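Ligands are counted one by one from 1 in listed order, and the atoms in each one are counted from 1 as well. What you are looking at is a predicted structure, and each value in this text was computed from that prediction instead of being measured.
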Amino acid sequence: MIGVGLMGRRHAENLARAVDGARLVAVTDADESTRERVATELGTTASASMDALLQRADVRAVIVASPKRFHEEHAVSAAKAGKDVFLEKPIATSLEGADRVIAAARKGGIRLQVGFQRRYDPAYAEARKLVSGGALGRPLFYRGVNRDLLAPVGPPGSMDANDILTESAIHDLDGACWMMSDEVVGVRATLAIVGDRATSPSSDLTMIELAFSRGAVAHIEAMWGAQYAYDIRSEILCESGAIIVGGFSQTMLTVLRAGERHEDLYPGFLERYVDAYVAELRDFVGGVLDRRPPAVTGEDGRRALAIAFAAARSAATTRRVTPG
Ligand SMILES: NC(=O)c1ccc[n+]([C@@H]2O[C@H](COP(=O)([O-])OP(=O)(O)OC[C@H]3O[C@@H](n4cnc5c(N)ncnc54)[C@H](O)[C@@H]3O)[C@@H](O)[C@H]2O)c1
C-alpha cells in the first residue's frame with residue numbers, strides 16, 4: 001500500500017481481511033505516524049519510503065492511494081520495479097502523465113487497474129448487464145447525480161477549480177462511457193460555486209453534458225456540500241424502458257434535511273461502496289494471480305480524465321469541446 005489515508009486505509013483493511021489470495025506485506029505513507037499506526041493496526045510492516053517498499057521481493061503488487069499529484073510518479077516507479085499496480089483515480093494530473101503511466105505499465109509488462117469502484121457496485125453492475133444485454137433496447141440517455149455530503153473549506157482559490165471534475169465527476173464520466181459502451185465526442189460543461197463563497201476554495205458544482213458517438217447523450221451533476229447525505233444516483237433511459245440506480249417513486253414527496261438520517265442514504269463513499277471496494281480488490285488480486293487483463297484499464301482512466309479536462313475547457317470557454 002502506498003498512501004494509507006482515508007481511502008488507502010480502507011483498501012489496506014480489505015486486503016488484510018477480505019481478499020483471499022492476498023497478503024498485506026507492507027504499507028508506506030509520507031506521514032510516519034500514519035504508516036506506523038496503520039501497520040500496527042493491521043498487523044503488517046511499515047516501510048519508510050516507497051523505494052524501500054518497491055525493493056521488497058515479497059511485494060508482487062501495489063495499491064496506490066496517495067494524493068493525485070503523486071499518482072504518476074508512484075505508478076511509474078512501481079511499474080519499473082515490475083510490480084502490478086492498482087491505481088486510485090485519477091490516473092494522473094495530465095493526459096501526458098496518463099500516457100506515461102500507461103507506457104510504463106506496458107514496458108514493465110505489469111497489470112494496471114484504475115480505481116473506478118462503481119463498476120463493482122452490485123446495483124451498477126446489474127444495470128450495466130441489463131443495458132448491454134439489450135433488454136430495454138438501445139440506451140438513449142444517461143443521467144448521473146454525484147453529491148458529497150461536505151464541501152472542502154479553505155480560502156477562495158486555494159484549490160484548483162477543476163478538482164470537482166477530476167476527483168468527483170470522473171466516476172460518472174467513466175460510468176457513463178461504461179454504461180453506454182460508447183465514446184464521448186462532445187462535452188459541454190459549467191462550473192459554479194453555489195455554497196458559501198467566503199469559505200469555498202474552488203467550484204463546488206459542475207454540470208456536464210456528454211454527446212456519444214452513436215447519438216446518445218448524458219447529463220452529469222457533481223456537487224460538494226449537499227449537507228443531507230452522500231447521494232449517488234443514475235438513470236439510464238433506453239428505447240423501451242428506464243433503469244434507475246438510487247431509487248424512484250413517482251407520487252412520493254421526499255424531503256432530505258441536513259442532520260437527519262435516511263434509510264439507504266450514506267454519509268460518504270466508504271459507507272456507500274463497502275461491497276464495491278472489496279469486489280474491486282478481489283478482482284485485482286484475482287487478475288494478478290490469473291494474469292487476466294484488468295476490467296478497468298489505464299486507457300479507461302485516461303479516457304475519463306480526457307473528458308474531465310474537456311469539461312474544464314468547455315466551462316472556461318462556454319463552447320462544446322471534443323475530448324482529446
Ligand atoms: N475511488 C474512490 O471512491 C475514492 C474515494 C476517495 C479518495 N479516492 C482517491 O484516493 C486517493 C487518496 O485520497 P484520500 O481521500 O485517501 O486522501 P488522504 O489525504 O486521506 O490520504 C492520502 C494519504 O497519502 C499520504 N501521502 C501524501 N503524499 C504521499 C507520498 N508522496 N507518498 C506516500 N504517501 C503520501 C498522506 O500522508 C495521506 O495519508 C486520491 O487519489 C483520491 O482521489 C478515491
Side-chain angles (χ1 to χ4, degrees), residues 1-15 26-39 41-42 46-54 59 62-78 85-94 97-98 101 113-121 124 144 146-154 159-160 162-175 178 201-202 222 224 230-232 266-281 283-284 295-296 300-301 304-305 308:
M1 283 292 326
I2 301 176
V4 279
L6 205 54
M7 190 67 254
R9 155 87 211 212
R10 170 61 65 87
H11 285 320
E13 241 171 65
N14 283 342
L15 266 188
V27 301
T28 189
D29 193 288
D31 183 67
E32 185 179 355
S33 63
T34 301
R35 65 179 184 253
E36 293 294 344
R37 179 174 40 78
V38 172
E41 286 168 4
L42 297 179
S47 288
S49 68
M50 174 186 69
D51 289 338
L53 183 141
L54 292 179
V59 169
V62 296
I63 296 183
V64 178
S66 49
K68 68 179 173 186
R69 64 185 184 282
F70 298 113
H71 286 186
E72 177 186 344
E73 177 197 337
H74 291 171
V76 168
S77 302
V85 176
F86 177 95
L87 178 57
E88 262 307 337
K89 43 58 55 168
I91 181 171
T93 52
S94 66
V101 170
Q113 179 170 332
V114 173
F116 288 134
Q117 83 285 351
R118 195 184 286 187
R119 295 189 185 206
Y120 294 89
D121 176 73
Y124 276 96
N146 191 332
R147 296 186 190 147
D148 265 60
L149 179 72
L150 301 175
V153 174
M159 269 174 75
D160 185 339
N162 300 330
D163 276 356
I164 192 155
L165 294 166
T166 56
E167 288 279 359
S168 221
I170 199 158
H171 284 292
D172 257 315
L173 300 177
D174 173 69
W178 172 67
S202 67
W224 284 335
Y230 177 69
D231 188 3
I232 303 294
Y266 301 90
F269 51 89
L270 292 178
E271 295 82 9
R272 169 63 182 82
Y273 290 115
V274 167
D275 296 335
Y277 290 134
V278 172
E280 71 175 347
L281 285 199
D283 189 41
F284 175 64
V296 191
D300 291 329
L305 190 65

Which of the ligand 1 atoms, numbered from 1, are nearer than 4.0 Å to a heavy atom of [X]:
X: H171; answer: 1 (N), 2 (C), 3 (O)
X: G115; answer: 1 (N)
X: H71; answer: 41 (O)

Side-chain ([X]) to main-chain ([Y]) donor-acceptor, under 3.5 angstrom:
X: T28; Y: S47; answer: yes
X: K89; Y: E167; answer: yes
X: D29; Y: V4; answer: yes
X: R119; Y: V296; answer: no

Looking at [atom1] of [X] and [atom2] of [Y], how far apart are the two atoms once the value is rounded to the nearest 0.5 Å?
X: D300; Y: L173; atom1: CG; atom2: CG; answer: 12.5 Å
X: L149; Y: Y266; atom1: CG; atom2: OH; answer: 14.5 Å
X: I91; Y: T166; atom1: CD1; atom2: OG1; answer: 13.0 Å

### Message
If we count only non-hydrogen protein atoms and require a distance under 4.0 Å, does atom 17 (O) of ligand 1 qualify as touching the protein?
### Response
no
Protein heavy-atom partner closest to [atom] - residue, atom, separation in Å:
atom: atom 21 (O) of ligand 1; answer: G5 CA, 3.3 Å
atom: atom 44 (C) of ligand 1; answer: E88 OE1, 3.2 Å
atom: atom 40 (C) of ligand 1; answer: S66 O, 3.6 Å
atom: atom 34 (N) of ligand 1; answer: A30 N, 3.1 Å
atom: atom 28 (N) of ligand 1; answer: F70 CE1, 3.2 Å
atom: atom 27 (C) of ligand 1; answer: P67 CD, 3.3 Å

### Query
Are side-chain heavy atoms of H11 and E280 found at a separation under 4.5 Å?
yes
Just to be sure I'm reading this right: ignoring hydrogens, which of [options] gets closest to [atom]? Compare them by their nearest heavy atoms.
atom: atom 42 (C) of ligand 1; options: E167, K68, R10; result: E167
atom: atom 20 (O) of ligand 1; options: D148, L6, T166; result: L6
atom: atom 22 (C) of ligand 1; options: G3, S33, G268, A65; result: A65
atom: atom 32 (N) of ligand 1; options: R272, H74, M7; result: H74

### Task
Apply side chain to side chain contact (heavy atoms under 4.5 Å, CB included) to S202 and list each qualifying residue two or more places apart in sequence or on a separate chain.
M159, W224
contact_flag [X] ligand 1 heavy-atom lt 4.0 Å:
X: K89; answer: yes
X: F116; answer: no
X: D29; answer: yes

### Query
Which bit of Q117 gets closer than 4.0 Å to ligand 1, counting heavy atoms only: side chain, backbone, both or neither?
side chain
### Task
Could you label the plane-to-plane angle of the F70 and H74 rings as parallel, tilted or perpendicular, counting under 30° as parallel and over 60° as perpendicular?
parallel
#### Entry: From CA spacing to verdict: salt bridge (Lys or Arg N to Asp or Glu O under 4.0 Å), R118, D174
CA-CA 9 Å; R118 195 184 286 187; D174 173 69; over 6 Å; no
#### Entry: L6/L270 under side chain to side chain contact (heavy atoms under 4.5 Å, CB included): CA gap, chis, key distance, verdict
CA-CA 9 Å; L6 205 54; L270 292 178; 4.0 Å; yes
### Test of proximity, Y277 against ligand 1: N or O pairs below 3.5 Å
yes
